[in-house]
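Remarks on the structure that follows.
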Amino acid sequence: MMLIPTHHFRDIERKPEYLQPEKCVPPPYPGPGGTMWFIRDGCGIACAIVTWFLVLYAEFVVLFVMLIPSRDYVYSVINGVLFNLLAFLALASHCRAMLTDPGAVPKGNATKEFIESLQLKPGQVVYKCPKCCSIKPDRAHHCSVCKRCIRKMDHHCPWVNNCVGENNQKYFVLFTMYIALISLHALVMVGFHFLHCFEEDWTKCSYFSPPTTVILLILLCFEGLLFLIFTSVMFGTQVHSICTDETGIERLKRKHQPRERRGSWKKVKETFGGNFSLNWFNPFSGPCHPELLKDGDWVQRVASMSDSTETTEEEPSEEASEERKDEDSVGVTSVEVTGTED
């Protein structure tokens, strides 16, 4: 984990060009309905391609090395259908996690005209992100890769080339779950195939030569073991975050501070799309949001929740705003989580 000094960003936010909303660029006109969300990040795109390649490699080995050459047709059909179904659901979940808006806050809406249109009462406070010039709702964090503030941002995942946030956390959870399941399934089949080939002639248990077969199976075994451990840990972490209603960034920031439990079954149902059903495991069924608020409505809600007595163009006191100001200065660097600021 790498933490960037918070005073650096507080000094930036004290500059007039950041404190004055009239310096913000007016928000762009909304795009056409159904516009696809996609992050143009070279590293993320490469990681997403590698993810698909590894799944397709597992498909190739399972089908053409283990199942099709097998003379046990029932075994081949059952395992082939199950593995391909799980692989399809994993790739579908990956696409949904990658191409779904994770909950981006409208960019550039912290203009003087927009703030005046809110008709805030004396004592109400809204927070502005100095990087994307947007009004930040509660629990939103700025991502330096997406270059947007994301509602309930958990982390930025390069493997799905997107942030994991309010709108796509379900798809990311399903992606990790299905990858863990196909990894476990592949490992079990590799074990059975090795036992079968040891009992019979190696030339009869595969269309490839024995050395090639062994190499392909060992590579699949390493891949399955690695991703089984990795995605199982990520799946458990995400489920824990949903159940406790605490994102990964919030958990890092409160690492040494006691916290009141606020998770509930209601949050779990909202994330997975209503009461427990098969739709929870369906990547084509979205999360359940009880109400859709317009830009002005959720900004008004954020302002009404504040008990401070400062105005929008004043800098909040360090005590009152320590948590909000630090949101953009927290950076995590690892194989899975990235969100550092320059």
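Predicted model, so just to flag it, every value in this text is computed and none were measured. The analysis underlying the following values was restricted to heavy atoms, covering all of them including side chains, and did not include hydrogens, waters or symmetry mates.
Of the possible polar contacts, one joining the Ser232 side chain to the Leu228 backbone as a donor-acceptor pair under 3.5 Å is found. A donor-acceptor pair under 3.5 Å links the side-chain atoms of Asp154 to the main chain of Gly248, judged by distance alone. Looking only at distances, a side-chain donor or acceptor of Ser76 sits under 3.5 Å from a matching main-chain atom of Leu67. Under a 3.5 Å cut-off, the side chain of Ser70 and the backbone N or O of Met66 do not form any donor-acceptor pair. Formation of a donor-acceptor pair under 3.5 Å by the Asp101 side chain with backbone atoms of Ala104 is found in this model. Panel note: side chain Ser277, backbone Asn279; a donor-acceptor pair is recorded below 3.5 Å. Of the possible polar contacts, none joining the Asn84 side chain to the Val81 backbone as a donor-acceptor pair under 3.5 Å is found.
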Stepwise, does the side chain to side chain contact (heavy atoms under 4.5 Å, CB included) test hold for Val61 with Leu217?
-> CA-CA 7 Å; Val61 176; Leu217 291 177; 4.0 Å; yes

Go through Trp37 and Asn162 one step at a time and tell me if the side chain to side chain donor-acceptor pair (under 3.5 Å) criterion holds.
-> CA-CA 9 Å; Trp37 173 273; Asn162 201 1; 3.1 Å; yes

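Side-chain contact between Ser241 and Glu246 is absent, with no heavy atoms from C-beta onward closer than 4.5 Å. No side-chain heavy atom of Asn167 sits under 4.5 Å from any side-chain heavy atom of Pro102. Side-chain contact between Phe175 and Ile179 is present, with heavy atoms from C-beta onward closer than 4.5 Å. By the 4.5 Å heavy-atom criterion applied to side chains, Trp280 and Lys170 are not counted as neighbours. Contact check for Pro137 versus Arg151: side-chain heavy atoms found under the 4.5 Å cut-off. At least one side-chain heavy atom of Thr213 sits under 4.5 Å from a side-chain heavy atom of Val65.
Classification of Arg139 and Asp245 as a salt-bridged pair holds, one side-chain N sitting under 4.0 Å from a carboxylate O. We find that Lys152 and Glu166 are not joined by a salt bridge, their nearest charged nitrogen and carboxylate oxygen being 4.0 Å or further apart.
Pairs of residues two or more places apart, or lying in two chains, that qualify as salt bridge (Lys or Arg N to Asp or Glu O under 4.0 Å) and include a residue from residues 58-85 are Arg71-Glu200. Listed by first then second residue, pairs satisfying side-chain hydrogen bond (donor to acceptor under 3.5 Å, both in side chains) with a partner in residues 172-196 read Asn79-His185, not counting sequence neighbours.
Taking a 6.0 Å sphere around CZ of Phe192, one finds it holds 12 or fewer heavy atoms contributed by other residues, nucleotides or ligands. No more than 12 heavy atoms of other residues, nucleotides or ligands shown are found within 6.0 angstrom of CG on Leu278.
Using modelled atom types, one finds a donor on one side chain and an acceptor on the other under 3.5 Å when comparing Trp52 with His94.
Ring planes of Phe227 and Phe230: perpendicular class, angle over 60° (limits at 30 and 60°).
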